[in-house]
Amino acid sequence: MASTHRGSFRRLSYAGNLCTLHYTGPLPGTTGTWLGVEWDNPSLGKHSGTHADTRYFTCLSPSPTAASFIRPTRPHDEPRSFLDALREKYVATNNTSDSKATPKNFIYFNGKLAEEIGFEKVAAQQAELGELSVVVLDGGLVAGLTAEEGGGDEGWDRLVDEVRGTCGNIVELDLSRNLIGSWSHVAGICLGLPKLKKLTLDGNRFDHGADIRLEECRMAFDGIEELSLEGMLLSWNEIDSILESFPSLKTLSLASNNIHAPLSSLPTSTLTSLNLSFNPISTFALISPLASLSQLSSLTLRSCSLSSLTLLPGPFKSLHHLDLVSNEITTLSDLNTIPSSFPALTSLRCSANPFYTAIPAEESFMLTTALIPTITMLNFSSISTKERENAELYYLSRIRVEISKEAISSSINLREKHPQLENLASKHGQTEDIAAALEDQKQHGDSSNTPLINPNSLGARLVELFLFSKSAAAATAQATRPSNKNNNNKSTVESQKAIIKGETKSYYYSLTLTVPNSTSIYRLKSLVGRQINILPRQFRLVWETGEMDPVGRNIRNPGRVGEGDRIADAESEAEDEEEGKTGKEEAAVGWIRREVDLMESSRPVGHWIDKRYAKVRIEIMQD
């Protein structure tokens with residue numbers, strides 16, 4: 001690296017474009033002196049601080065085009081002192097008592113003179129700087145207490161007193177995107193503002209090599225409760241060191257500072273809200289040091305490229321609000337770690353993530369609600385008690401579908417994949433139903449105990465149908481036929497009776513048929529009719545999917561549903577009463593059992609049923 005001819009750190013502005021001076025000196029192959037600057041807007045530069053393959057300075061910005069070399073003779077914008085910028089913006093410049101004042105510029109709209117009314121009163125109010133409580137000097141070319149560095153301690157104290165006497169009632173101050181180059185200049189301004197509570201310094205650049213006079217800064221920043229340091233390209237160590245001077249800080253924004261990971265906790269015990277948006281923090285594990293902030297209640301991690309929500313070693317015990325908008329979280333299962341990492345969480349924002357946009361918004365809302373039992377607000381929408389109950393029941397129905405499709409083969413795998421399942425199943429009285437579904441899956445397709453089936457073989461296209469009837473007519477008709485002595489079918493039926501709790505004693509008739517999924521419904525009804533000695537037109541077949549649907553809600557369910565969907569009729573409601581769950585109770589929580597009529601047609605069984613096993617009810621038609 002070339003030897004650096006470095007002058008004092010300095011902030012400059014050219015035609016309103018801010019930059020930081022890093023280098024002053026010659027460049028090989030040229031004459032005269034050059035200034036090496038880093039533009040706040042990286043698109044204005046041409047390189048990253050190099051010339052002829054030699055590096056002369058290093059930019060804070062990661063952009064390869066943030067720097068330029070310019071001549072010292074290039075005219076730049078004149079810096080202002082804090083009070084000069086304040087007066088220029090908030091004090092009227094027209095002097096009505098001066099007879100030589102510049103003539104007033106009249107304003108015309110469509111050729112008609114626009115009369116100004118009441119602006120004299122507004123100008124008079126603005127002139128009262130001592131009454132200002134909120135001051136915004138964003139982009140005001142403010143360099144500090146003075147327009148130039150220096151001034152000595154005596155002059156410094158005088159300027160602090162002048163600020164206090166001129167505008168000492170300021171409560172909120174915005175000094176974003178100015179020419180301030182150090183914390184000392186900020187402290188000098190704040191010393192004259194004893195009532196200051198909120199300070200915004202977004203987009204400034206401070207000299208990283210300058211000494212921070214902590215005692216002076218602590219006096220200046222003692223009462224500040226809100227601090228914004230967005231886009232300042234500060235390192236975590238610099239942030240850590242300056243925050244020692246903010247003993248009363250409650251809200252801190254560090255967005256867009258290119259922070260890859262918090263290396264330690266922050267030296268403030270009063271912090272309640274922290275914003276780390278637009279920083280390259282890829283996993284939850286990188287923010288684990290912040291768990292020691294005992295009063296932290298709000299954490300914002302927008303657009304941080306978060307892709308992994310790994311379990312944190314220590315939970316954020318007091319955190320109530322978490323913002324994860326616009327990250328790279330791909331699957332719903334990533335949310336499983338949130339309840340243990342944030343046990344007190346009540347509000348979550350997670351829109352604009354792949355997992356949330358891959359399915360309809362309403363379904364995403366319900367599944368996220370079910371996965372995180374403590375939240376009462378999701379994406380700024382309140383979650384009512386009924387909405388939570390509906391979401392949890394829908395989530396349980398999804399798990400039953402997942403089991404039936406052989407995605408889960410044991411209770412151990414089930415608990416690992418769905419940590420909230422045990423609590424939800426117990427809450428809604430479905431523990432035994434889930435256990436029965438697991439047992440059912442084992443007996444009808446446990447991939448760990450049966451060989452893999454070639455998808456092109458006949459076995460892959462077979463559907464096992466457990467058919468049953470609660471109608472005495474079916475039993476009467478069957479009595480006229482020889483008994484079924486097929487041992488395989490008998491054992492299959494008995495196993496189903498053992499699994500389906502509360503239904504075994506009420507069956508008048510049941511059998512098991514294994515048919516290709518290409519079998520038409522006409523053919524299926526003919527086969528069933530022969531078994532029960534009833535004409536096909538005298539009964540209908542109803543597939544009990546085992547899933548639940550919300551009433552009046554348009555939710556996309558994972559099971560295939562055809563136009564034969566229907567609400568359970570009086571007979572099925574009577575069946576529910578035997579199980580201790582009436583149709584009226586279901587309606588009270590807004591859920592119904594999903595059933596599908598296998599309507600007579602040439603359509604194959606596989607059009608309706610996309611599983612290897614299904615439970616079908618035989619309903620006798622009344623004459």
Give the intermediate values and the outcome of side-chain contact (heavy atoms from CB on, under 4.5 Å) for residues L271 and L243.
CA-CA 11 Å; L271 196 65; L243 287 186; over 6 Å; no
Run S253 and L229 through side-chain contact (heavy atoms from CB on, under 4.5 Å) and show every step you take.
CA-CA 6 Å; S253 182; L229 306 176; over 6 Å; no
Could you please spell out the steps behind the side-chain contact (heavy atoms from CB on, under 4.5 Å) verdict for L378 and I372?
CA-CA 10 Å; L378 178 59; I372 309 174; over 6 Å; no
Step by step, work out the side chain to side chain donor-acceptor pair (under 3.5 Å) result for R388 and T376.
CA-CA 9 Å; R388 171 162 292 284; T376 58; over 6 Å; no
Given S63 and S61, is the side chain to side chain donor-acceptor pair (under 3.5 Å) satisfied, shown in steps?
CA-CA 5 Å; S63 172; S61 171; 4.7 Å; no
Any chance you could lay out the side-chain contact (heavy atoms from CB on, under 4.5 Å) test for L179 and V142, step after step, and finish with the verdict?
CA-CA 5 Å; L179 300 178; V142 178; over 6 Å; no
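A heavy-atom distance below 4.5 Å is found between the side chains of T283 and L286. Between Q430 and L393 the shortest side-chain heavy-atom distance falls below 4.5 Å. Annotation: side chain of T300 is not in contact with side chain of L274 (no heavy-atom distance under 4.5 Å). Between L252 and N275, every side-chain heavy-atom pair lies at or beyond the 4.5 Å cut-off. The shortest side-chain heavy-atom distance between C350 and Y356 falls under the 4.5 Å cut-off. Residues L18 and W39 have side chains not in contact (no heavy-atom distance under 4.5 Å, counting atoms from C-beta outward). Using a 4.5 Å cut-off on side-chain heavy atoms (C-beta onward), I359 and L367 make contact. Between I399 and Y395 the shortest side-chain heavy-atom distance falls below 4.5 Å.
No donor-acceptor contact under 3.5 angstrom links the side chains of N237 and S235, judged on distance only. One side chain, T331 or D334, offers a donor N or O that lies under 3.5 Å from an acceptor on the other. Under the 3.5 Å distance criterion, with hydrogens and angles disregarded, no donor-acceptor pair is assigned to the side chains of N379 and S381. R10 and T20 form no side-chain donor-acceptor contact under 3.5 Å, judged by distance and modelled atom types alone.
A donor-acceptor pair under 3.5 Å is absent between the side-chain atoms of N41 and the main chain of N17, judged by distance alone. H320 places a side-chain N or O within donor-acceptor distance of the main-chain N or O of A344, the cut-off being under 3.5 Å. A donor-acceptor contact shorter than 3.5 Å is absent between the side chain of D240 and the backbone of L266. Side-chain N or O atoms of E389 include none that pairs as donor or acceptor with a backbone N or O of K386 at under 3.5 Å. At distances below 3.5 Å, not a single donor-acceptor pair connects side-chain atoms of T251 with backbone N or O atoms of S273. Judged by distance alone, with hydrogens and angles left aside, the side-chain atoms of S297 form a donor-acceptor pair with the main-chain N or O of T272 at under 3.5 Å. With N258 contributing its side chain and L233 its backbone, the two residues share no donor-acceptor pair below 3.5 Å. The main-chain N or O of E225 is never found under 3.5 Å from a side-chain atom of S248 such that the two would form a donor-acceptor pair. Between the side chain of D174 and the backbone N or O of L137, no donor-acceptor pair lies under 3.5 Å. The backbone N or O of L296 lies less than 3.5 Å from a partner atom in the side chain of S318, making a donor-acceptor pair.
How far CE of M377 is from CG of L348: 11.5 Å, rounded to the nearest 0.5 Å. Put simply, CD1 on I281 and OG on S303 are 12.0 Å apart, with the number rounded to the nearest 0.5 Å. For the atom pair CZ (F221) and CD (E244), the distance works out to 13.0 Å, reported to the nearest 0.5 Å. The CG atom of N517 sits 10.0 Å away from atom CD1 of I609, with the distance rounded to the nearest 0.5 Å. Taking CD of E38 as the reference point, atom OG1 of T58 lies at 9.5 Å (rounded to 0.5 Å). Distance CG/L201 to CD/E230: 11.0 Å, rounded to 0.5 Å.
For D40 against G203, the heavy-atom pair with the smallest separation is OD2-O, 3.6 Å. A pairwise comparison of heavy atoms in T357 and A352 identifies CG2-CA, 4.2 Å as the closest pair. Scanning all heavy atoms of the two residues, the minimum distance from P247 to D222 falls at CG-OD1, 3.4 Å. Contact detail for P262 and P289: the closest heavy-atom pair is O-CG, 3.7 Å. What you find for C190 and L199 is that their closest heavy atoms are SG-CD2, 4.1 Å. The two residues A220 and A187 come nearest to each other via the heavy atoms CB-O, 3.4 Å.
Between K427 and E392, at least one side-chain nitrogen of the basic residue sits less than 4.0 Å from a carboxylate oxygen of the acidic one, meeting the salt-bridge criterion. Residues E363 and R398 are paired through a salt bridge, judged by an N-O separation under 4.0 Å between the basic side chain and the carboxylate. Salt bridge absent: D207 and R11 never bring a charged side-chain N and a carboxylate O closer than 4.0 Å.
Proximity of the aromatic rings of F316 and F284 is defined here by a centroid distance below 6.0 angstrom, and this criterion is not met. When ring centroids are compared, H47 and F69 come within the 6.0 Å threshold.
Using cut-offs of 30° and 60° on the angle between ring planes, the pair H321 and F380 is parallel.
Checked options V136, I189, T200, V135; the residue passing with L175 is I189 (criterion: side chain to side chain contact (heavy atoms under 4.5 Å, CB included)).
Applying the salt bridge (Lys or Arg N to Asp or Glu O under 4.0 Å) rule to D138 yields the partners R177; only residues at least two apart in sequence or on another chain are considered.
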